[in-house]
Amino acid sequence: MVKAIRIAATGGPEVLDYVDTEPGTPGPGEARVRHHAIGVNYIDTYFRSGLYKLDLPSGLGQEGAGVVEAVGEGVTHVAPGDRVAYAGGPSGAYSEARVMPAHFLVRLPESVSFETGAAMMLQGLTVQYLFRQTYALQPGQTILFHAAAGGVGLIACQWARALGVNLIGTVGSEEKAALARAHGAAHVINYNTEDVVQRVLEITGGAKVPVVYDSVGKDTFIRSLDCLQPRGLMVSFGNASGAVPPFALSELASRGSLYITRPTLFSYAATRPALEAMAAELFEMVESGKVKIEVKQRFALRDAAEAHRALEGRRTTGSTVLLP
């Protein structure tokens, strides 16, 4: 038996139960992983709250790092004893050990710790597809990135700097503004004291930006559209403030024939070749020192509810991990 977090109903952090479970034996295409660290991400709160559908009862969590204990028939890309990390697959990372589809596992370089691996896979792969695939950024461009002091945001600040891109980051406090600047943001806007659209106009000399990356959702959506150049791209990849409400397509037309996309990591990393290529670029950025993964909060697995409260209360910066 191992300890794990399970939920029997959706709701607030109080629905997270710390229980005994039996991970079982891997079947064909599966592997059993003993976790050394587990990533905590905002998407976990969407599943817990019911915003994203989840068949109940269920585990929770999309990201982890540890050691392969056993593999099922047909699994050849990882073997028992391998250090691995993953993002995606069925919910269930909040556990001491689990059986999961081996497709999602990638070997973790020896130079990367388990905590770093657990903290960077979902967030780092997200930045990879956002910056390298959804909109292929070019040196000298100026972009707008919301929640720049969060886990994804701090990676984005560093990756943008490495690409020679001027990232305008939005944050909610002066402390977070300093953090974003220290990680490479060219400009920072405190949305509690400054008008985001007006500041983007000032920073860009009225030109606005070709792309906005918005994981906040409801509270920032229309202002994000107002920051885009004609034919610019709105990348809505999260709902931290709530789901974006329905809107008329004429909102895009009136602002200059804008484009909009709602991407997910799981679409971009759907095949092994795609996942391995994305992970290889992420590992290269981390091993080169161009991107540093900062674990700012650590909670025991049994305290997952407290981790969720801190995340939803916007009391976190950088990455958060659970330790079995």
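Here the structure is a predicted model, which means the values were calculated and not measured.
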Quiz item: Which pairs, with at least one residue in residues 160-180 and sequence neighbours excluded, count as a ring pair (Phe, Tyr, Trp, His ring centres under 6.0 Å)?
Solution: none
Quiz prompt | Residues that R83 engages under side chain to side chain contact (heavy atoms under 4.5 Å, CB included), provided they are two or more places apart | solution = L108, E110, F114
Quiz prompt | Within-4.5 Å side-chain heavy-atom neighbours: V2 and D20 | solution = no
Self-check item: Ring centre gap for Y129 and Y268 strictly below 6.0 Å
Solution: yes
Quiz item: Quick one: OG1 on T204 to CZ on R199, what's the gap to the nearest 0.5 Å?
Solution: 10.0 Å
Self-check item: Where V188 and A180 come nearest, the two heavy atoms and their spacing
Solution: CG2-CB, 4.0 Å
Practice problem: May I ask you to check whether over 12 heavy atoms, not counting those of E73, lie within 6.0 Å of atom CD? | Solution: no
Quiz prompt | Gap separating the CD1 atom of I38 from the OH atom of Y94, nearest 0.5 angstrom | solution = 8.5 Å
Quiz item: Of all heavy-atom pairs between A87 and L265, which one has the smallest distance, and what is that distance?
Solution: CB-CD2, 4.2 Å
Quiz item: Taking C-beta and beyond as the side chain, do K53 and F47 meet within less than 4.5 Å on heavy atoms?
Solution: no
Self-check item: Heavy atoms from other residues, nucleotides or ligands near CD of E284 exceed 12 (cutoff 6.0 Å)
Solution: no
Quiz prompt | Spacing of I143 atom CD1 and L167 atom CG [to the nearest 0.5 Å] | solution = 4.5 Å
Practice problem: Check whether any side-chain heavy atom of S95 sits under 4.5 Å from a side-chain heavy atom of K3, and report yes or no. | Solution: no
Practice problem: Starting from the C-alpha separation in whole Å, work towards a yes-or-no answer on side-chain hydrogen bond (donor to acceptor under 3.5 Å, both in side chains) for D214 and S236. | Solution: CA-CA 5 Å; D214 189 338; S236 176; 5.9 Å; no
Quiz item: Does P80 have any side chain to side chain contact (heavy atoms under 4.5 Å, CB included) partners at least two apart in sequence or in another chain, and if so, which?
Solution: V71
Quiz item: Would you say R315's side chain and L311's backbone share a donor-acceptor pair under 3.5 angstrom?
Solution: no
Practice problem: Inspect the surroundings of CD in E175 and state if more than 12 heavy atoms from other residues, nucleotides or ligands are less than 6.0 Å away. | Solution: no
Quiz prompt | Pair Y18-D303, side-chain donor/acceptor within less than 3.5 Å | solution = no
Quiz item: Is the backbone N or O of A310 less than 3.5 Å from a side-chain atom of E312, with the two atoms forming a donor-acceptor pair by type?
Solution: no
Exercise. Side-chain contact test, heavy atoms from C-beta onward, threshold under 4.5 Å: evaluate it for H183 versus E294 and give yes or no.
Key: yes
Quiz prompt | Nearest heavy atoms of L60 and L16, plus distance in Å | solution = CD2-CD2, 3.6 Å
Exercise. Indicate yes or no: at least one non-hydrogen side-chain atom of V235 is less than 4.5 angstrom from one of P263.
Key: yes
Practice problem: Tell me yes or no: between the side chains of S215 and H146, is some donor less than 3.5 Å from an acceptor? | Solution: no
Exercise. Run the salt-bridge test on D17 and R6 with the 4.0 Å N-O cut-off and return the result as yes or no.
Key: no
Practice problem: Please determine, by modelled atom types, if H308 and T45 share a side-chain donor-acceptor pair under 3.5 angstrom. | Solution: no
Quiz prompt | Under 3.5 Å: donor-acceptor pair, side chain of S257, backbone of A253 | solution = no
Practice problem: Spell out, as yes or no, whether a donor-acceptor pair under 3.5 Å connects the side chain of T21 to the backbone of P23. | Solution: no
Donor-acceptor pairs are to be reported for all side-chain atoms of residues 272-280 against protein atoms at under 3.5 Å, with residues two or more places apart or in another chain.
from: R272; atom 1: NE; to: E276; atom 2: OE2; distance (Å): 3.3
from: R272; atom 1: NH1; to: H103; atom 2: O; distance (Å): 2.4
from: R272; atom 1: NH1; to: L105; atom 2: O; distance (Å): 2.8
from: R272; atom 1: NH2; to: L105; atom 2: O; distance (Å): 3.4
from: R272; atom 1: NH2; to: E276; atom 2: OE2; distance (Å): 2.6

Quiz item: Can you list the residues that meet the side chain to side chain contact (heavy atoms under 4.5 Å, CB included) rule with S319, with sequence neighbours excluded?
Solution: A119, Q123, I293
Quiz item: Do the non-hydrogen side-chain atoms of F283 and V106 ever get within less than 4.5 Å of each other?
Solution: yes
Quiz prompt | Which atom of F299 lies closest to which atom of A307, heavy atoms considered | solution = CD1-CB, 3.6 Å
Exercise. Would you check, one step at a time, whether the test ring-ring contact (aromatic ring centres under 6.0 Å, His included) holds for Y46 with Y52?
Key: CA-CA 5 Å; Y46 300 159; Y52 288 0; 5.0 Å; yes
Which pairs would a plain distance check flag for residues 151-161, meaning a side-chain donor or acceptor within less than 3.5 Å of a matching protein atom at least two apart in sequence or in another chain?
from: Q158; atom 1: OE1; to: K292; atom 2: N; distance (Å): 2.6
from: Q158; atom 1: NE2; to: L154; atom 2: O; distance (Å): 3.0
from: Q158; atom 1: NE2; to: K292; atom 2: O; distance (Å): 2.9

Practice problem: Mind checking the CD-OG1 spacing from Q229 to T142? Nearest 0.5 Å is all I need. | Solution: 9.0 Å
Practice problem: Could you tell me the separation between the OG atom of S91 and the CD1 atom of I43, rounded to the nearest 0.5 Å? | Solution: 8.0 Å
Quiz item: When you measure from the side chain of R32 to the backbone N and O of T25, does any donor-acceptor pair fall under 3.5 Å?
Solution: no
Exercise. Write down the atom of E96, the atom of P324, and the distance for their closest heavy-atom approach.
Key: CG-CB, 4.0 Å
Quiz item: Do Y135 and Q141 have side-chain atoms, one donor and one acceptor, less than 3.5 Å apart?
Solution: yes
Self-check item: Residue pair R48 / V15, side-chain heavy-atom distance below 4.5 Å
Solution: yes
Quiz item: Under the 3.5 angstrom rule, does the side chain of H187 hit a backbone N or O of L144 as a donor-acceptor pair?
Solution: no
Self-check item: Heavy-atom pair with the smallest gap, counting every atom of Y213 and F131
Solution: CE1-CE1, 3.5 Å
Quiz item: After noting the C-alpha distance and the side-chain angles of E63 and N41, does the key distance pass the side-chain hydrogen bond (donor to acceptor under 3.5 Å, both in side chains) rule?
Solution: CA-CA 8 Å; E63 177 181 45; N41 297 282; 2.8 Å; yes
Exercise. Check the surroundings of atom CZ in R262: do more than 12 heavy atoms from other residues, nucleotides or ligands lie under 6.0 Å from it?
Key: yes
Practice problem: Please check if any side-chain donor atom of Q297 sits under 3.5 Å from a side-chain acceptor atom of T316, or the reverse. | Solution: no
Practice problem: Test side-chain hydrogen bond (donor to acceptor under 3.5 Å, both in side chains) on E174 and N190 and set out the steps. | Solution: CA-CA 7 Å; E174 289 308 310; N190 184 337; 3.0 Å; yes
Quiz item: Between the main-chain N or O of V112 and the side-chain N or O of T116, is there a donor-acceptor pair closer than 3.5 Å?
Solution: no
Quiz item: Taking the side chain from D226 and the backbone from V197, do they hold a donor-acceptor pair closer than 3.5 Å?
Solution: no
Quiz item: With no hydrogens and no angle check, is any side-chain donor or acceptor of D82 less than 3.5 Å from a backbone partner on V84?
Solution: no
